[in-house]
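Both ligands and their constituent atoms are indexed starting at 1 by order of listing. Atoms considered below: every heavy atom in the structure, side chains included; atoms not considered: hydrogens, waters and symmetry mates.
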Amino acid sequence: MHLQVSLTFDLSASSSLADLEEAIVTQGHESMCQALQQAIKEWEQHQRRCPTCGRDEVRVEGTVGRTLLLVFGRIRLALRRYRCQHCLHRWCPARRLLRDLRGQQVSPGLREAAVLAGSSWPYRHAAQLMERLCGAHISAEEVRQLTMQQGNQQAHAQQQHAEEVVASAPKEEKGEAGVAGIDGGWTHSCEQAGGMEGKVAVLACNKQVQEPKAQPDPSQLTWYELAKRSAKGKRLGPPHKRARWMQRRYVATFAPSHALGSLAEAAAREVGLDEESSVVVADGAQWIKQEAQRHFARATHILDWFHLWRVVRKAIRETQREQQHPETWLTQERTQIKDWLWHGEVDPAIKRLQSWQEKGEGKALEAALTYLEHQRDWIGSYEAWRQAGYPVGSGVIERAVSLVINRRMKRGGMRWKRTNATALVALRTTFLNTDWPREPSHRAFV
Ligand SMILES: [Zn+2]
């Protein structure tokens, strides 16, 4: 099959670059549509054999109209209908070519692009961008329907696959040490006042420490260079080592928490996380503890340090204000209690807080005490964990919640149904997981 499409257009001598670009793009889209029409005609020429009797004496007997939506625009096709001269069988050969569409108008390429756009941006915005960038004619509602359809399938498939993996016997070989971060992220809901919680987990392993860039010796720098560096906020201290988890996998759902547990365990097995030498970091929510116990029982459980410290610091601040202690008291108590907790000594910290309670009740103090009591089993020596190279804060997981949920789903005026939210996060995690191995600057999906 050989075909040629030409591009002809008129331009005025005074056209600007923008005019030229616009004209070429518009004409280009028309040529692409023509190319497809011709390609289908050409293809039909090669399908002249009668499917019933196998002879090739056929004649064209009219056409059948069909509209297609493609990445480069909308086209109207006239599909030929053949009639066999021998057995009088009538058929339309191009139907076989369009079989993949299952009676729909949207081509597979446009469908894929629409799903990617719809899971990255609000639907209206996605439809406008697609029209602007590639000339596709697709409405916001069509983008929504395609995204939801694909998302529901994806969510279902992920869940089923996870249940199967969890039910199967674990691998024999030893995996790698890594981290499982689990957290919730809230969105507005149209079914539930106060919103609903999406559950996200990120499984990461293969930690690589990146060697820091060599810092110049300050004594060799001029005053001008020093001033410039300090204006940019660059420190001259010893360089900071950065660690990166080279392999990550995200899972998320708005379904009940046990669904996330299975998804997380399946993903952990897939990235090759070794349960015993891995850690689970979370903020101490009840559902997370339950799922961690069920699916990562042998891992080390770490209560997110920043979360813990925020609660306790608030109680210290409140007590100082209520009982009118001087600022020096505040600094002193803060340092002492922080030091205890950082080394995993919960008892002296609790005793200290209780001793304040005798002098006066406080809401934050009460909350901090309950929190410490409830989270005890997840608190340990943060110092030792840090030394061992484990993450003790929720940087990895907070970023995961932001990537999977917040950037797409927490925009002004958005409200979600639970099933639709699950469909969308299923797509987002799929795109993230396939995009992740690429260089950061080449990632399409953020
Ligand atoms: Zn025939």
*Asks:* Return yes when at least one N/O/S atom of His89 is nearer than 2.8 Å to the Zn ion (ligand 1), and no when none is.
*Replies:*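 Checking His89: none of its N, O or S atoms is under 2.8 Å.
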
*Asks:* Just wondering, are more than 12 heavy atoms of other shown residues or ligands nearer than 6.0 Å to NE2 in His89?
*Replies:*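 Atom NE2 in His89 is crowded, with more than 12 foreign heavy atoms closer than 6.0 Å.
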
*Asks:* Identify whether NZ of Lys or CZ of Arg in Arg313 sits under 6.0 Å from the centre of the six-membered ring of Phe306 and within 45° of that ring's axis.
*Replies:*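 No - Arg313 does not lie over the ring of Phe306 by the 6.0 Å and 45° rule.
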
*Asks:* Among Thr430, Thr422, Thr253, which residue satisfies the side chain to side chain donor-acceptor pair (under 3.5 Å) criterion with Gln158?
*Replies:*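 The residue from Thr430, Thr422, Thr253 that satisfies side chain to side chain donor-acceptor pair (under 3.5 Å) with Gln158 turns out to be Thr430.
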
*Asks:* Report the residue from Arg90, Arg81, Arg80 that forms a side chain to side chain donor-acceptor pair (under 3.5 Å) with Glu61.
*Replies:*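 Output: one option passes, namely Arg90.
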
*Asks:* Looking from the Zn ion (ligand 1), what is the angle between SG on Cys87 and SG on Cys50, to the nearest 10°?
*Replies:*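 For SG of Cys87 and SG of Cys50, the angle centred on the Zn ion (ligand 1) reads 110°.
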
*Asks:* Between His86 and the Zn ion (ligand 1), is there a contact where an N/O/S atom of the residue lies under 2.8 Å from the metal?
*Replies:*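 No, His86 does not qualify, because none of its backbone or side-chain N, O or S atoms lies under 2.8 Å.
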
*Asks:* Need one value: angle at the Zn ion (ligand 1), Cys84 atom SG versus Cys53 atom SG, rounded to 10 degrees.
*Replies:*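 Vertex the Zn ion (ligand 1), arms to SG of Cys84 and SG of Cys53: 110°.
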
